[in-house]
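For this chain, numbers begin at 1 and follow the sequence in order.
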Amino acid sequence: MPDFRGLQVWQAAEDLRIHVYRVTRTMRGARGLSDQLLRAAMSVPINIVEGNAHTSPRERARFLGYAIASVWEVEGHVQLSLDLAMISTNEYRALLEEIVHTRKMLYGFIKKVRSWDTKKPRSPRIE
């Protein structure tokens, strides 16, 4: 099983997490929102790492699904941050670009992982 650090999808999620971390450090007066945003962003690469620890494609896909859900949560918090003028439009656009990129990579990787489950050799049925 490859080291998670070699996964491009993990690197994209890690880049998003770092970007969100830096943004939340500058958000003033939004302690609850910035905490939720950071927690959601932190869980994306961690779920990829945890899924990578499983040998079953089904289990791996389950954790990738959690990562996808967290990316959607990040997007929701980023939208609220923009709506409350806690981040600039430029920062919103930059984050949204990373969010969409990471989400697309996750959907592609989960599709690939699920295909591994169908490629394993099946033993013949004995009737």
Side-chain angles (χ1 to χ4, degrees):
M1 187 171 314
D3 181 7
F4 67 87
R5 289 172 197 88
L7 298 172
Q8 291 178 354
V9 68
W10 177 82
Q11 188 59 58
E14 183 67 4
D15 291 346
L16 176 61
R17 174 169 57 172
I18 291 167
H19 191 168
V20 166
Y21 182 82
R22 288 185 176 138
V23 168
T24 58
R25 305 273 299 161
T26 64
M27 291 172 68
R28 301 278 184 239
R31 178 94 178 149
L33 178 57
S34 64
D35 288 349
Q36 284 297 110
L37 174 55
L38 185 56
R39 263 194 288 277
M42 296 287 254
S43 70
V44 179
I46 293 304
N47 277 302
I48 295 168
V49 170
E50 193 168 352
N52 196 58
H54 293 275
T55 56
S56 159
R58 182 170 288 159
E59 281 298 301
R60 272 185 143 187
R62 183 168 64 95
F63 282 93
L64 291 171
Y66 297 153
I68 289 169
S70 293
V71 171
W72 281 105
E73 184 179 352
V74 168
E75 185 173 351
H77 293 315
V78 167
Q79 182 63 54
L80 181 58
S81 299
L82 175 68
D83 294 345
L84 296 175
M86 294 180 171
I87 61 173
S88 70
T89 302
N90 287 340
E91 193 65 67
Y92 170 79
R93 287 183 183 137
L95 281 166
L96 189 59
E97 185 176 315
E98 275 190 87
I99 289 165
V100 169
H101 174 69
T102 303
R103 188 168 45 230
K104 284 179 179 178
M105 289 189 77
L106 278 164
Y107 277 118
F109 192 52
I110 200 169
K111 185 177 179 180
K112 183 177 181 179
V113 166
R114 284 182 176 152
S115 76
W116 296 342
D117 204 23
T118 60
K119 290 181 181 175
K120 66 182 178 187
R122 303 205 186 264
S123 53
R125 287 181 61 184
I126 300 174
E127 296 187 31

Rounded distance (nearest 0.5 Å) linking atom [atom1] of [X] with atom [atom2] of [Y]:
X	Y	atom1	atom2	answer
His77	Asp35	NE2	CG	10.5 Å
Leu80	Glu75	CG	CD	12.5 Å
Leu64	Lys112	CG	NZ	12.0 Å
Asn90	Leu82	CG	CG	10.5 Å

For residues [X] and [Y]: do they belong to one hydrophobic cluster (side chain heavy atoms under 4.5 Å, members Ile, Leu, Val, Met, Phe, Trp, Tyr)?
X	Y	answer
Leu38	Leu96	yes
Ile87	Ile99	yes
Ile46	Ile18	no
Leu16	Tyr66	no

Checking Val44 against Arg17 for the side-chain contact (heavy atoms from CB on, under 4.5 Å) test, could you report, in this order, the C-alpha distance in whole Å, the side-chain angles of both residues, the deciding distance, and whether it holds?
CA-CA 8 Å; Val44 179; Arg17 174 169 57 172; over 6 Å; no
Considering non-hydrogen atoms only, spot the tightest contact between [X] and [Y] and give its length.
X	Y	value
Phe4	Asn52	N-ND2, 3.5 Å
Ala41	Val74	N-CG2, 3.4 Å
Ser70	Asn47	OG-ND2, 4.3 Å
Arg25	Tyr21	CG-O, 2.9 Å

Parallel, tilted or perpendicular: which one describes the rings of Phe63 and His54, with boundaries at 30° and 60°?
parallel
Pair [X]-[Y], side-chain donor/acceptor within less than 3.5 Å:
X	Y	answer
Glu97	His101	no
Tyr92	Gln79	yes
Thr24	Ser34	no
Arg103	Tyr107	no

One pair to check against side-chain contact (heavy atoms from CB on, under 4.5 Å): Trp116 and Arg60. What are the steps and the verdict?
CA-CA 10 Å; Trp116 296 342; Arg60 272 185 143 187; 2.7 Å; yes
Could you give me the CA-CA distance, side-chain angles and deciding distance for Leu95 and Glu91, then say whether side-chain contact (heavy atoms from CB on, under 4.5 Å) is met?
CA-CA 6 Å; Leu95 281 166; Glu91 193 65 67; 4.2 Å; yes
Beyond-backbone contact of Arg62 with Glu59, side-chain heavy atoms, under 4.5 angstrom
yes
Exactly one of Met86, Glu73, Met27, Met42 should register a side-chain contact (heavy atoms from CB on, under 4.5 Å) with Leu37. Which one does?
Met27
Would Ile48 and Leu106 count as a side-chain contact (heavy atoms from CB on, under 4.5 Å) here? Give the steps.
CA-CA 9 Å; Ile48 295 168; Leu106 278 164; 3.8 Å; yes
